[in-house]
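Here the structure is laid out as structure tokens; the discussion comes afterwards.
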Amino acid sequence: MKFDKKVMESGVVVAFTMVLAFTAVPAAGVSTEAGKDSRTVELAAETTERDLENVIATKIRRHNEIVASSVEEVQPEDSKQEKAVEKKENKSEEQKLNNGEEKQSEEPQSDNKEAEVKAEDQQPENKEEKQQTKDKQDKQSENKEAEGKAEEVSPWEDKLMPDVEEYLNVRTEASEDAEPAGKLPKGAAAEIVERGEEWTKISSGSVEGYVKNEFCVTGVEAETLANEVGTTYATATTGGVRVRETASAEEDVTILDVLEEGGKIKVDTEAEAIEGWVCVKVNDKTGYVSADYVDVELELGKAISVEEERAAIEAAEAERKAKEAAQAKQSQGSSTQQKAPAAASYDDVTLLGALIQCEAGSECYEGQVAVGAVVMNRVRAGYAGSISGVIYQSGQFTPASNGMLAGVLAGGVSGSCIQAAQEAINGVDNVGGATSFRSTSSGMPGLVIGNHVFF
């Protein structure tokens, strides 16, 4: 029969407590009666109480020992029964597991082998996939790092420059057959509008079009090229900016120049940098301006459109002609002489006009008169006795010997050349008595009129 441990302990304790209570009552009565007699009796009673406490403590200790031994005797039996039940349950579970293992063992072993083979086959593939993924991630991180460095190093990521000797054609379309939109000269920069594999769309100045990538540089290369071919200027932000001989604000420093507001001066980029100062070029000297009063900027060229180029050519041609006219006028004013007219027939005037057309038909009128004056000075100097004798003299005027003169006579002489011939025959000498002329490209010294030098 199985007993509850806690019930047994509580029953034993209750029984023992009752025994102590009944035992203590008579003792307490004796002690009380003795206390009424005398002090000696009281001392004896105190001793008796202490003895009684010791007895009670001893009994309680024995009681605890008895209870403990009783529990030890009962507990093994209960444990044995519980262990038996647990053993029975464990045995049942083991049988179930064994039955399951037997069923599994009855299945073909080939499945396990196939699974092992598949796992072995998949392992290399998984390794390769992991390696490829890792390589791809590494490459992406490298590209990001490179892009970050490029952005930090160069502000030229969206700009380009032509890497050419003279200029790069800008086309209206991304094709070499497309019409030209303009030119991007050497030293000019452009903003990138749209990137392509072979062509890039750019914008520079008033021109927008396409340039071929193989003739351009971008990024760090463009920045390096810009510093090589560009010009850096310092622009005064206020009036009265002094250009000093040395980098010093002392009063006794020599002042080389004074810049007004907006005035520009070229920066000497090869000079050693001095804090607070900008080194500039003043003619053939080196000067310094305070960095507080100037803005320093690298200036580059811009693209020029077809219309702008045409207008520039026309302006240059007009300037050249104006310069030649001024030179001719100056020469004529200083060397023109009026000599005695010469006797000449209509044929002489026509022949001299034809020679003038051959030698100076595209020259200014003063140049045409000058050629006629050379012929007349030879007539007066005795080279030959007549205008035709001088013109056809051997080895003197090439058009007379190669048939060009005869062709002009047959086709007719221009009016300006006939007029120039008549003026020369009438005694006008604007070459100062010269009897020869050459092209200015010959380098001969003398009086220059148009493209000829007279001597």
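Just so you know, these numbers come straight off a predicted model, no measurement behind them. All heavy atoms count here, side chains included; hydrogens, waters and symmetry mates do not.
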Val371 and Phe454 have their tightest heavy-atom pair at N-CE2, 4.1 Å
Validation row: Thr238, Val241 side chains within 4.5 angstrom (heavy atoms): yes
Thr254 and Arg244: CA distance, side-chain angles, deciding distance, side chain to side chain contact (heavy atoms under 4.5 Å, CB included) verdict: CA-CA 6 Å; Thr254 302; Arg244 301 173 179 270; over 6 Å; no
Measure the shortest side-chain to side-chain distance between Glu228 and Leu225 over non-hydrogen atoms and say whether it is less than 4.5 angstrom. yes
Please determine whether the number of non-hydrogen atoms from other residues, nucleotides or ligands lying under 6.0 Å from atom CD of Glu221 exceeds 12. no
How far apart are the C-alpha atoms of Asp257 and Val280, what are their side-chain angles, what is the distance that settles it, and do they pass the side chain to side chain contact (heavy atoms under 4.5 Å, CB included) test? CA-CA 11 Å; Asp257 196 2; Val280 296; over 6 Å; no
With sequence neighbours left out, which residue pairs that include part of residues 258-268 fulfil the side chain to side chain donor-acceptor pair (under 3.5 Å) condition? Lys264-Glu299
Does Tyr293 reach the side chain of Leu259, with side-chain heavy atoms less than 4.5 Å apart? no
Kindly check if the number of other-residue, nucleotide or ligand heavy atoms within 6.0 Å of CG (Asp252) is above 12? yes
Taking atom OH as the centre, does Tyr365 end up with more than 12 heavy-atom neighbours from other residues, nucleotides or ligands that are less than 6.0 angstrom away? yes
If you count the non-hydrogen atoms of other residues, nucleotides and ligands that lie under 6.0 Å from CZ in Arg380, is the total more than 12? yes
Grab the two heavy atoms, one from Val243 and one from Gly287, that are nearest each other, plus how far apart they are. CG1-CA, 4.1 Å
Is there any side chain to side chain donor-acceptor pair (under 3.5 Å) pair reaching into residues 381-397, and which pairs are they, with sequence neighbours excluded? Arg378-Gln396, Ser386-Ser388
Nearest 0.5 Å please: distance from the CG atom of Asn430 over to the CD atom of Glu366. 7.5 Å
Heavy-atom count around Gln338 CD within 6.0 Å, excluding the residue itself: above 12? yes
Is it the case that the side chain of Ser345 and the backbone of Asp348 share a donor-acceptor pair, with hydrogens and angles ignored and the cut-off at 3.5 Å? yes
Heavy atoms of Leu300 and Gly230 approach each other most closely as CD2-CA, 3.5 Å
Would you say the side chain of Cys216 lies within less than 4.5 Å of the side chain of Thr200, judging by non-hydrogen atoms? no
Keeping the roles fixed (side chain from Asp429, backbone from Gln337), state whether a donor-acceptor pair exists under 3.5 Å. no
Within a radius of less than 6.0 Å around NZ of Lys339, do more than 12 heavy atoms belonging to other residues, nucleotides or ligands occur? yes
Residue pair Ile425 / Ile387, side-chain heavy-atom distance below 4.5 Å: yes
Say you draw a straight line from OG1 of Thr350 to CD of Gln357; how long is it, rounded to the nearest 0.5 Å? 11.5 Å
Please report the C-alpha distance between Val428 and Gln422 in whole Å, then the side-chain angles of each, then the deciding distance to 0.1 Å, and finally whether the side chain to side chain contact (heavy atoms under 4.5 Å, CB included) criterion is met. CA-CA 9 Å; Val428 175; Gln422 187 63 64; over 6 Å; no
Leu405 and Leu351, any side-chain heavy atoms less than 4.5 Å apart: yes
Can any side-chain N or O of Asn213 pair as donor or acceptor with the backbone N or O of Glu197 at less than 3.5 Å? yes
Spatial distance of atom CG (Asn451) from atom OG (Ser441) [nearest 0.5 Å]: 8.5 Å
Nearest-0.5 Å distance that lies between atom CH2 in Trp277 and atom OG in Ser248: 6.5 Å
Met404 side chain near Thr398 side chain, heavy-atom distance below 4.5 Å: no
Pairs touching residues 162-191 that satisfy salt bridge (Lys or Arg N to Asp or Glu O under 4.0 Å), sequence neighbours left out: Glu176-Lys212, Lys183-Glu309
After noting the C-alpha distance and the side-chain angles of Leu256 and Tyr288, does the key distance pass the side chain to side chain contact (heavy atoms under 4.5 Å, CB included) rule? CA-CA 9 Å; Leu256 302 177; Tyr288 297 88; over 6 Å; no
With a 3.5 Å distance limit and no angle check, can you tell me whether Ser204 reaches the backbone of Ala190 through a side-chain donor-acceptor pair? no
For residues Ile265 and Lys281, determine if any side-chain heavy atom of one lies less than 4.5 Å from a side-chain heavy atom of the other. no
Indicate the atoms forming the closest heavy-atom contact of Gly353 with Cys417, along with that distance. O-CB, 3.4 Å
Report the distance from atom OG of Ser175 to atom CH2 of Trp199, rounding to the nearest 0.5 Å. 6.5 Å
With rounding to the nearest 0.5 Å, note down the distance linking SG in Cys358 to CG in Asn402. 8.0 Å
Residues Ile192 and Lys159: closest non-hydrogen pair is CD1-O, 3.7 Å
So that I can tick it off, tell me whether Arg320 and Glu317 are bridged by a salt bridge, with the cut-off set at under 4.0 angstrom between side-chain N and carboxylate O. yes
Compare every heavy atom of Ala234 with every heavy atom of Val267, then report the nearest pair and how far apart it is. CG2-N, 3.5 Å
